[in-house]
Amino acid sequence: MTPLDYEYLRKFLKERSGLLLSNDKQYLIESRLLPVARKAGLAAISDLVAKLKAPGAERLAVEVTEAMTTNESFFFRDKVPFDHFRDTMLPKAMALRAKERRLRIWCAAASTGQEPYSLAILLKEAADKLVGWRVEIIGTDLSNEVLEKARAGVYSQFEVQRGLPIQMLVKYFDQSGDIWQIKPEIRAMVQYRPLNLLTDFSSLGTFDIVFCRNVLIYFDQDTKIDVLKRIAKLTVPEGFLVLGAAETVVGLTDAFVPVPDKRGLYQPNTSGKPGLGSIGMPRLAAAAGARA
Amino acid sequence: MKTCLVVDDSSVIRKVARRIIEGFKFAVNEAEDGEKALDACRRQMPDAVLLDWNMPVMDGYEFLKHLRAMPGGASPKVVFCTTENDVAHIARALHAGANEYIMKPFDKEIVEAKFQEVGLI
């Protein structure tokens, strides 16, 4: 792969998916795109780039984008956001929606389904409190390929062992040899739709709870700000946003404010006052120093 | 320092498991069958047991039943680690008092996830 090929792919991926690759990710391109090239009957990444530049390469363009943006996922990943969901978000959202008895949850980077199904399992565990409620979980992802896997709800023995308590595996999955499929009643709780976060998603409607974890880290600053602002428009005033452990709204936007003592949890800023979005890192460092 | 007893008739598995669990800052002891594991528990009750199912002399399932009946035997967190990967075996293990269940083959991430799940780390 020549430096020009690398630059082409960086620009191509940024425009198509928002994925931001630093100068040193050649190994990642090679490992993810060589299989795509070989599948297309091409010998090297340079051949793949030439094909992408030629007319009529849309299908290949989709495959390249999907191969680069598909990331590892597992059930109850990082645990804490799911504890927050069960103990904080769900009770508050239910209190807020007691009249309508309707909740809408969006997993904005659903990947192969582990996150929305983890939420569905927690809702099933709380079924006695949710009698008569209509709860929608919408799972979206850029990649059609991962959404197909999500819809099927079929996972390897390796995939079900990371994060999923054994009691839940036995309770909510059907086994077929080394393959485990999530039970139909859990699958039916989640609807999947292809969606590129760079495009307009206002047609999804409004949500009480939005999980958007481990996707903003791949975007540049302007894209992060844009996506967060558009998510804020879809989040009800007392709703919640959950970001990944390495992500924050601080320094990016005033649209959300962190929930005190709940790491990774944010609420729309309804105070009319600036949040922490306009605070730059030097000021944060100075404030930390002053407290110390 | 917390202690973990690794019970498996394969010395290779014991070695791999030891290396992983020592990485979690546990002191690790080993036993090659259920009977030797019970002896080890009588000497010192561990905080955790990583337990194979199929072993000579006494299998993991029998060991677990004996362990849970011993004075102090309710306290260790027992994580099965076995090739018996079907729901029937998992259900039997949980009924006998297992806290978690690893289906072989395993790696560090799986052991770590299961140890976290039962509050060992």
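A, B, ... follow the sequence lines: proteins, then strands. Residue 1 opens every chain.
The line from CD1 of B/Ile110 to CZ of A/Phe74 is 11.0 Å long, rounded to the nearest 0.5 Å.
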Let's go through B/Asp107 and A/Phe158 carefully: what are the C-alpha distance in whole Å and the side-chain angles of both, what is the deciding distance for side-chain contact (heavy atoms from CB on, under 4.5 Å) to 0.1 Å, and is it a yes or a no? CA-CA 9 Å; B/Asp107 65 6; A/Phe158 187 80; 3.0 Å; yes

Where do A/Val160 and B/Met103 land on the side-chain contact (heavy atoms from CB on, under 4.5 Å) test, with the steps shown first?
-> CA-CA 10 Å; A/Val160 296; B/Met103 296 175 277; 4.2 Å; yes

- request: In sequence, state the C-alpha distance, the side-chain angles, and the governing distance for B/Ile90 and A/Gln175, and then conclude on side-chain contact (heavy atoms from CB on, under 4.5 Å).
  value: CA-CA 12 Å; B/Ile90 296 171; A/Gln175 185 185 20; 5.8 Å; no

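Residue-environment remark: CZ (B/Arg19) stays at or below the threshold of 12 foreign heavy atoms within 6.0 Å. The number of heavy atoms from other shown groups lying within 6.0 Å of CD (B/Glu35) does not exceed 12. Within 6.0 Å of CD on A/Glu145 lie no more than 12 heavy atoms contributed by other residues, nucleotides or ligands. Under a cut-off of 6.0 angstrom, the local environment of CG in A/Asp24 is crowded, with over 12 non-hydrogen atoms contributed by other residues, nucleotides or ligands. In B/His89, the NE2 atom is crowded: over 12 heavy atoms of neighbouring residues, nucleotides or ligands sit closer than 6.0 Å. A 6.0 Å sphere centred on NZ of A/Lys92 holds no more than 12 heavy atoms belonging to other residues, nucleotides or ligands.
The heavy-atom pair separating B/Ile102 from A/Gln161 by the smallest distance is CA-OE1, 3.3 Å. Nearest approach of B/Glu100 to A/Leu164, heavy atoms of both residues: OE2-O, 4.5 Å.
Here the side chain of B/Glu109 pairs no donor or acceptor atom with the backbone of A/Arg162 at under 3.5 angstrom.
Contacts between residues 111-121 of chain B and chain A, defined by a heavy-atom separation under 4.5 Å, are made by B/Ala113, B/Lys114, B/Glu117.
The contact between A/Leu169 and chain B is made entirely by side chain atoms (from C-beta outward), counting heavy-atom distances below 4.5 Å.
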